[in-house]
Amino acid sequence: MAKFIEVKRAENPEVFRFECDKEDGDILINVDHIVSIIPNGETCLIMLNGYPGTVHAQHSTAWVMGLINGKP
């Protein structure tokens, strides 16, 4: 069964947005599609397999990794 994490997207018009994700706020990400998580100061960029860009999350890399590993 797929595992999803919920992250708050940082406001950055230059990064990829899901077509169905027009509103600011939380989005769900299937952890099986995460290729890498890149630190970006207090935030991070999440690269997804099969998507042409990144999701700019309003959380640190360590926080996102904690969600993936079940320890928020």
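Residue indices begin at 1 and follow the sequence shown. Predicted, not measured: the structure shown is a model, and the values here were computed from it. Any value given below was found using the heavy atoms of this structure, including those in side chains, with hydrogens, waters and symmetry copies removed.
Rounded to the nearest 0.5 Å, atoms CZ (F4) and CG (L67) are 14.0 Å apart. The CG atom of L45 sits 10.5 Å away from atom CD1 of I37, with the distance rounded to the nearest 0.5 Å.
With 3.5 Å as the limit, one finds no donor-acceptor pair spanning the side chains of H59 and T43.
Judged by distance alone, the side chain of K3 and the main-chain N or O of N30 form no donor-acceptor pair under 3.5 Å.
A heavy-atom distance below 4.5 Å is not found between the side chains of Q58 and V7. Taking the side chain as every heavy atom from C-beta outward, I5 and I68 approach each other to under 4.5 Å. Within the 4.5 Å cutoff, the side chain of N40 has heavy atoms near those of the H56 side chain. With contacts defined as side-chain heavy-atom distances shorter than 4.5 Å, the pair I46/I38 does not qualify.
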_Derivation of the side chain to side chain contact (heavy atoms under 4.5 Å, CB included) call for R9 and D26_ = CA-CA 6 Å; R9 189 185 61 235; D26 299 345; over 6 Å; no

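In this structure, E42 has no side-chain contact (heavy atoms from CB on, under 4.5 Å) partners at least two apart in sequence or on a different chain. Contacts of N49 classified as side-chain contact (heavy atoms from CB on, under 4.5 Å), with partners at least two apart in sequence or in another chain: V35.
Tested against C44, the residues T61, T54, V55 include a single side-chain contact (heavy atoms from CB on, under 4.5 Å) partner, T61.
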